[in-house]
Asks: 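One structure, pasted below without further comment.
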Amino acid sequence: MSEEKSLNFLEEIIETDLAGRKYDSIVTRFPPEPNGYLHMGHATSICLNFGLTKKYPGYTNLRFDDTNPVTEDTEFVESIKEDIKWLGFEWKHELYASDYFDTMYEYAVTLINKGLAYVEDATAEEIAKLKGTPTEPGKNSAARSRLVAENLDLFTRMKNGEFADGTKTLRAKIDMAHTNMLMRDPLIYRIKHAHHHRTGNKWCIYPMYDFAHGQSDSIENITHSICTLEFIPHRELYNWFIDKLEIYPSHQYEFARRNLSYTVMSKRKLKQLVEEKHVAGWDDPRMPTISGMRRRGFTPQSIRTFCDKVGIAKRENIIDFSLLEFCLREDLNNTALRAMAVLDPLKLIISNYENGKTEELQSENGPDEAYGTRTIPFSKELWIEREDFMEVPAKKWFRFAPGASVRLKSAYILRCDTFDKDENGKVTAIHCTYFPESKSGSDTSGIAVKGTIHWVSAAHAATAQVNMYDRLFKVENPSSEDGDFKDYINPDSLHVVQAYIEPSLLKATPTDRFQFLRKGYFCLDKESTPEHIIFNRTVTLKDAWMAGKKNTNE
RNA sequence: UGGGUUAUGGUGUAACGGUAGCACAACAGAUUUUGAUUCUGUUUGUCUAGGUUCGAACCCUGGUAACCCAACCA
């Protein structure tokens, strides 16, 4: 029985187009400007554009929208390509808007010849002044009535570098009184004597977004050009150019960008976080960038599942971060290797265990038998988690307390007898008795315990730095709060500890994902070395005990 | 005082004039050598006021709210 999943509005449009034979196959594109790193918002667009051509016949291009030489760089081109590949998508053609600069120039000349474009010599301020406001119409500038021949001459000279930056522009001649501000004679070319990362110094005039994006779509025969809601007003202009230029009619469709709670998603804000050192860099594991999430330990699958579950529509939204975490845990639960690590150690001494003796115990590596087992050493002195002992047990406490018995995972059942304290009242060690016949896998003790905890043999443990990350902001929507969004940064978003890890973890590789039993999912940080091992906590496990405790405290 | 877009549980998304469904979250229970996973169940919703209709989340009219538009950025 196949589960009927309803279509989103874009899929409906496409199915209608395909059914009506408007197209036999579709072409979409992912069009980043190479001026920064990709983030979760881009991931939505990537999953959407590439996902559509996975579902329907057709393909997706990667096109760099590189029409502003002063902000763009090949460094970003490379990181963008890496991120898309990591997410698991393949583009058909790698293209650049700058590949079309000659064609775009010809298009501009066509417009001039049709009397639909003119060279403006007013300054930016003067142009803005004549533009009017959303409620008042604009006024025609003097240059608007220039003759075709003069415009042609001036535009050629612009291209030839005869004019300084900002002294001339080319504008489309539409309607200065139009209710859509974008239709009030928009700029289509500006002068920038700047080095372009691909075309070098060949050009000193560059097309604006509105005279580059739709034209590139058209040149590539993009059937469905998908962008975010704020481009809705641009659609009218997009169509106007296609109509006047009589070129392939691509169509623009808009969807609402996805926002995630407890983070920010604008390039500008992310840049501030990096430049003002609130985070360690673009790939800081707390960043919602693809590179940050990759370093944090997110899987591509979890991000794709998330985008799929969230769906696509046209309304404002803030998606619960917990949905992303759910997708992450779901994937990791099925794939992560199991291991034991103690993050906040407390010494446990087994009074009746022989001094110097070591046992080799077997423990499961993964969620099912296919992953096999590994050997873990057991001895008289162990590390357990400090939070697994309570001097005065709480109600429904399953773990260690004086007189309480607990199973050590894959090992024995132990009873806590006494504990030591230092002069500050801090517990320094607990002393236990173990039951030899309760050995895991061959338990004949008949003892039933409620709790099972993780542990590491003190004599065999390795040490590692563990970075425990939490949400970057204290509030759901930092951008909508009063004041600066940076006022809402969570000061405890990173907690670094020295942990004791089981010896098998020494063999961890950068691609491994681990579940440290009862503590969460972890992966090796890119800066980890054999001498100085560093793990990043990707996400915690769900914790019904802590959740319950929080509720009773409140 | 203009134009555009959108309103469905706490969150996201379906229902295309005919039973308001799904997922996350929350809560409760069962299983569990991870208080995880898994399984079962519960709570919570059509912005508002009218109208059309046997029947309206959906169609019509009037409100209301949110977001976008006045960069030589994309």
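Letters A, B, ... are given to chains in the order of the sequence lines, protein chains preceding strands, and every chain is numbered from 1.
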Asks: Within 45° of the six-membered ring axis of Y206(A) and under 6.0 Å from that ring's centre, is NZ or CZ of K192(A) located there?
Replies: no
Asks: Taking a pair as Watson-Crick or G-U wobble with both distances under 3.5 Å, which nucleotide is matched to U61(B)?
Replies: A49(B)
Asks: Rounded to whole angstroms, how far apart are CD on E476(A) and P on G10(B)?
Replies: 13 Å
Asks: Just call it for I312(A): base, sugar-phosphate, or nothing, with non-hydrogen atoms closer than 4.0 Å on any strand.
Replies: sugar-phosphate
Asks: Evaluate the ring-ring contact (aromatic ring centres under 6.0 Å, His included) criterion for residues Y189(A) and F155(A): first the C-alpha distance (whole Å), next the side-chain angles of each, then the deciding distance (0.1 Å), finally the verdict.
Replies: CA-CA 9 Å; Y189(A) 261 96; F155(A) 188 51; 5.4 Å; yes
Asks: I need the CE-P distance between M176(A) and G3(B), as an integer number of Å.
Replies: 19 Å
Asks: Counting distance alone, no hydrogens or angles: does the base of A36(B) have a donor or acceptor under 3.5 Å from a partner atom on the side chain of H454(A)?
Replies: no
Asks: Within the 4.0 Å heavy-atom criterion, would you say I319(A) contacts the bases, only the backbone, or no part of the nucleic acid?
Replies: sugar-phosphate
Asks: Parallel, tilted or perpendicular for F522(A) and F516(A), by the 30°/60° rule?
Replies: parallel
Asks: Looking for any heavy atom pair under 4.0 Å, which part of the strands does T123(A) touch: base, sugar-phosphate only, or nothing?
Replies: base
Asks: In whole Å, I'd like the distance from the CG atom of N317(A) to the C1' atom of C68(B).
Replies: 15 Å
Asks: With sugar-phosphate meaning primed atoms plus P, OP1 and OP2, does Y189(A) contact a base, only sugar-phosphate, or nothing at under 4.0 Å between heavy atoms?
Replies: nothing
Asks: Over 60° means perpendicular and under 30° means parallel, so classify the ring planes of Y209(A) and H234(A), tilted if in between.
Replies: perpendicular
Asks: Does the side chain of E136(A) reach to within under 4.5 Å of the side chain of K131(A), using non-hydrogen atoms?
Replies: no
Asks: In the structure shown, which nucleotide is the Watson-Crick or G-U wobble counterpart of G10(B), with both distances under 3.5 Å?
Replies: C24(B)
Asks: R399(A) near the nucleic acid: base, sugar-phosphate alone, or nothing, with a heavy-atom cut-off under 4.0 Å?
Replies: base
Asks: Start with the C-alpha gap between F435(A) and R415(A), add the side-chain angles, then the distance that decides, and say whether side-chain contact (heavy atoms from CB on, under 4.5 Å) holds.
Replies: CA-CA 8 Å; F435(A) 302 99; R415(A) 184 188 63 228; 3.9 Å; yes
Asks: What does K192(A) touch in the nucleic acid at a heavy-atom separation under 4.0 angstrom: a base, only the sugar-phosphate, or nothing?
Replies: sugar-phosphate
Asks: So which one's nearest nucleotide on RNA chain B is more toward 5', R258(A) or S410(A)?
Replies: R258(A)
Asks: Do the side chains of D443(A) and R407(A) get nearer than 4.5 Å, heavy atoms only?
Replies: yes
Asks: Measure CZ/F326(A) against P/A23(B) and give the value in whole Å, please.
Replies: 9 Å
Asks: According to a strict under-4.0 Å criterion, is R235(A) in side-chain N/O contact with OP1 or OP2 of C68(B)?
Replies: no
Asks: Would you mind reading off the distance between F306(A) atom CZ and U13(B) atom P, rounded to a whole angstrom?
Replies: 11 Å
Asks: In whole Å, what is the span from the CG atom of L182(A) to the C1' atom of C73(B)?
Replies: 13 Å
Asks: Strictly below 4.0 Å: does T67(A) bring a side-chain N or O up to OP1 or OP2 of A74(B)?
Replies: yes
Asks: For K269(A), I'd like to know if atom NZ has over 12 heavy atoms of other residues, nucleotides or ligands within 6.0 Å.
Replies: yes
Asks: Can Y209(A) be said to stack with the base of A74(B), given centres closer than 5.5 angstrom and planes under 30 degrees apart?
Replies: no
Asks: What contact category does I453(A) fall into here, base, sugar-phosphate, or nothing, at under 4.0 angstrom with non-hydrogen atoms?
Replies: nothing
Asks: With both distances under 3.5 angstrom, what nucleotide forms a Watson-Crick or G-U wobble pair with C39(B)?
Replies: G29(B)
Asks: Select base, sugar-phosphate, or nothing to describe what K314(A) touches, counting heavy atoms under 4.0 Å on all strands.
Replies: sugar-phosphate
Asks: Quick one: H193(A) NE2 to C72(B) P, roughly how many Å, whole number?
Replies: 17 Å
Asks: Under a 3.5 Å cut-off for both contacts, is U5(B) paired Watson-Crick or G-U wobble with anything, and if yes, with which nucleotide?
Replies: A66(B)
Asks: By the 4.0 Å heavy-atom rule, please label A339(A) as base, sugar-phosphate, or nothing.
Replies: nothing
Asks: Which part of the nucleic acid, if any, lies within contact of Q515(A), taking any heavy atom under 4.0 Å across all strands shown: a base, the sugar-phosphate backbone alone, or nothing?
Replies: base
Asks: For a quick check of understanding: with a heavy-atom distance under 4.0 Å over all strands, which category does I232(A) fall into, base, sugar-phosphate or nothing?
Replies: sugar-phosphate
Asks: Just to confirm, is there a sub-4.0 Å distance from OP1 or OP2 of G35(B) to any side-chain nitrogen or oxygen of R518(A)?
Replies: yes
Asks: For F398(A), answer base if it contacts any base atom (sugar-phosphate contacts may also be present), sugar-phosphate if it contacts only those atoms, and nothing otherwise; contact means non-hydrogen atoms under 4.0 Å.
Replies: base
Asks: Tell me if the side-chain of R315(A) makes a donor-acceptor pair with the base of U6(B), cut-off 3.5 Å, by modelled atom types.
Replies: no
Asks: Under 4.0 Å between any heavy atoms, over every strand shown, what does T71(A) touch: base, sugar-phosphate, or nothing? Just pick one.
Replies: nothing
Asks: Any N or O donor-acceptor pair under 3.5 Å from the base of U34(B) to the side chain of T452(A)?
Replies: no
Asks: Please report the distance, rounded to the nearest Å, between CZ in R537(A) and P in A36(B).
Replies: 17 Å
Asks: Any strand is fair game: report the nucleotide pairing with C54(B) by Watson-Crick or G-U wobble, both distances under 3.5 Å, or none.
Replies: G18(B)
Asks: Can you find an N or O donor on one side and an acceptor on the other, under 3.5 Å apart, linking the side chain of D320(A) with the base of G10(B)?
Replies: yes
Asks: Side chain of N68(A) only, please: which of A70(B), G2(B), C73(B) is the nearest?
Replies: C73(B)
Asks: Could you check whether H234(A) gets within reach of a base, just the sugar-phosphate, or nothing at all, counting any heavy atom under 4.0 Å?
Replies: base
Asks: Let's test this: given Watson-Crick or G-U wobble pairing with both distances under 3.5 Å, identify the partner of U44(B).
Replies: none
